[in-house]
Number of protein chains: 2
Amino acid sequence: MEKEENKEKPYICTIKDQEEIRYAQDALYVLNGKWRMPIIVALYNGLYRYREIARNIPGITFAMLSKELQVMELNNLVLRIEDPDFPKTVEYRLTDYCTSLYPIVESLINWGRQHRKVISS
Amino acid sequence: MEKEENKEKPYICTIKDQEEIRYAQDALYVLNGKWRMPIIVALYNGLYRYREIARNIPGITFAMLSKELQVMELNNLVLRIEDPDFPKTVEYRLTDYCTSLYPIVESLINWGRQHRKVISS
DNA sequence: CCGGATCCAACGAGATACTG
DNA sequence: CAGTATCTCGTTGGATCCGG
């Protein structure tokens, strides 16, 4: 980090810019990685079971999903609900906290849909 | 990739889920990495010059910004406008294509702002 | 069927020094 | 001022094996 260099020149910038950039960075910190948002989409659409989720996210492996879900549980993004019956079933749910992220995910989906239309026309 | 395993079971899932997940993945492919979105925010807010941008994105180095801008230019996200005068000045602008991404960035900022409020209260 | 643990490759990211 | 070229390093991502 060579923040010294950045700070040395106070520079005529509107504080607003810096703040918006920081907000974006904060959100990115929570949502970083390749799989976090797709997993949220899956859960949001009612895919709750482990293999169910894995099967519907193109390219993900079980190991990656497992690791991501662990981290997301620690970060309070998902809840893990285990049923002790046999065969063992586990469900994952979005926390309310995570649900508040959905506008971001939604705009992502909308852009993707629009973009698909554009490039295929 | 053990997609074979994923494909083997057609499985009762609504196609809609898969499509939304794919759309999100498409968008993420364009916006991946730690710096792409912050750079877009900076440009969107009227920071056009190289050092101006670097100074206003916390944590970024000149080298990272340089590399990102190159890739973003190739991907048609930014335009590089060089003025041959001395001292040399270069401006970067968002392309229209990139501007269409701004709803995503905006929702990111809004969540970040909201989140800041929540954790500081 | 539900995963976790481990090991390793690939890539992203940063430090540093240098150029026009 | 506006970059580029390497080099290193940590993290992400993935394959494989293991357990309840």
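Letters go in sequence order (proteins before strands), and every chain restarts at 1.
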(message) I need the CD-P distance between Glu82(B) and dA2(D), as an integer number of Å.
(response) 11 Å
(message) At 4.0 Å (heavy atoms only), tell me whether Arg36(A) reaches a base, stays on the sugar-phosphate, or touches nothing.
(response) nothing
(message) Suppose we screen for ring-ring contact (aromatic ring centres under 6.0 Å, His included). Which residues come up paired with Tyr23(A), at least two apart in sequence or across chains?
(response) none
Are there any protein N/O atoms within less than 3.5 Å of an N/O atom in nucleotides 18-20 of chain C, and if so, which ones and at what distance?
none

(request) Look at Tyr50(B) and dT4(D) and indicate whether a side-chain polar atom (N or O) is within less than 4.0 Å of OP1 or OP2. (result) no
(request) Check ring-ring contact (aromatic ring centres under 6.0 Å, His included) between Trp111(A) and all other residues, then give those that pass, not counting sequence neighbours. (result) His115(A)
(request) Can you tell me the distance, in whole Å, between the CD1 atom of Ile60(A) and the P atom of dG14(D)? (result) 8 Å
(request) Please report, rounded to the nearest Å, how far the C1' atom of dA13(C) is from the CG atom of Leu69(B). (result) 15 Å
(message) With a 4.0 Å cutoff (strictly under), does any side-chain N or O of Arg49(B) reach OP1 or OP2 of dC1(D)?
(response) no
(message) As a test of reading the structure: which of dG3(C), dG3(D), dG14(D) is closest to the side chain of Trp35(A), going by heavy atoms?
(response) dG14(D)
Contacts under 3.5 angstrom, residues 73-82 of chain A side chains, donor-acceptor by atom type, not counting sequence neighbours:
unit_1, atom_1, unit_2, atom_2, d
Arg80(A), NE, Tyr92(A), OH, 3.3
Arg80(A), NH1, Glu82(A), OE1, 2.6

(request) Nearest 0.5 Å please: distance from the CD atom of Glu106(A) over to the CD1 atom of Ile40(A). (result) 12.5 Å
(message) Just the rounded figure in Å: distance from C1' of dC1(D) to CG of Asp83(B).
(response) 12 Å
(request) Establish, with yes or no, whether the OP1 or OP2 oxygen of dG14(D) is under 4.0 angstrom from a side-chain nitrogen or oxygen of Thr61(A). (result) no
(message) Can you give me the closest heavy-atom contact between Ile53(A) and Tyr48(A), atom names plus distance?
(response) CD1-O, 3.8 Å
(message) Does dG3(D) have OP1 or OP2 under 4.0 Å away from a side-chain N or O of Arg51(B)?
(response) no
(message) Using whole Å, what does the distance between atom P of nucleotide dC1(D) and atom CD of Glu52(B) come to?
(response) 11 Å
(request) Could you tell me the separation between the CG atom of Leu65(B) and the C1' atom of dT16(C), rounded to a whole number of Å? (result) 17 Å
Where do N or O atoms of nucleotides 5-12 of chain D meet protein N or O atoms at under 3.5 Å, pair by pair?
none

(message) I need the Asn45(A) CG to Gln18(B) CD distance, nearest 0.5 Å.
(response) 11.0 Å
(message) Taking Tyr29(B) as the starting point, is it possible to reach Ile104(B) by hopping between hydrophobic residues whose side chains are less than 4.5 Å apart?
(response) no
(message) Rounding to an integer number of Å, can you tell me how far Phe62(B) CZ sits from dA17(C) P?
(response) 16 Å
(message) Using whole Å, what does the distance between atom P of nucleotide dC2(C) and atom CZ of Arg80(A) come to?
(response) 11 Å
(request) Identify the two heavy atoms, one from Ile109(A) and one from Tyr102(A), that lie closest to each other, and give their separation to 0.1 Å. (result) CD1-OH, 3.7 Å
(message) Quick check: closest heavy atoms across Ala24(B) and Leu108(A), and the distance to 0.1 Å?
(response) O-CD2, 3.8 Å
(request) Mind checking side chain to side chain donor-acceptor pair (under 3.5 Å) for Glu91(A) and listing every partner two or more places apart, or none if nothing turns up? (result) Arg93(A)
(request) Check whether any side-chain N or O of Tyr92(A) sits under 4.0 Å from OP1 or OP2 of dG3(C), and answer yes or no. (result) yes
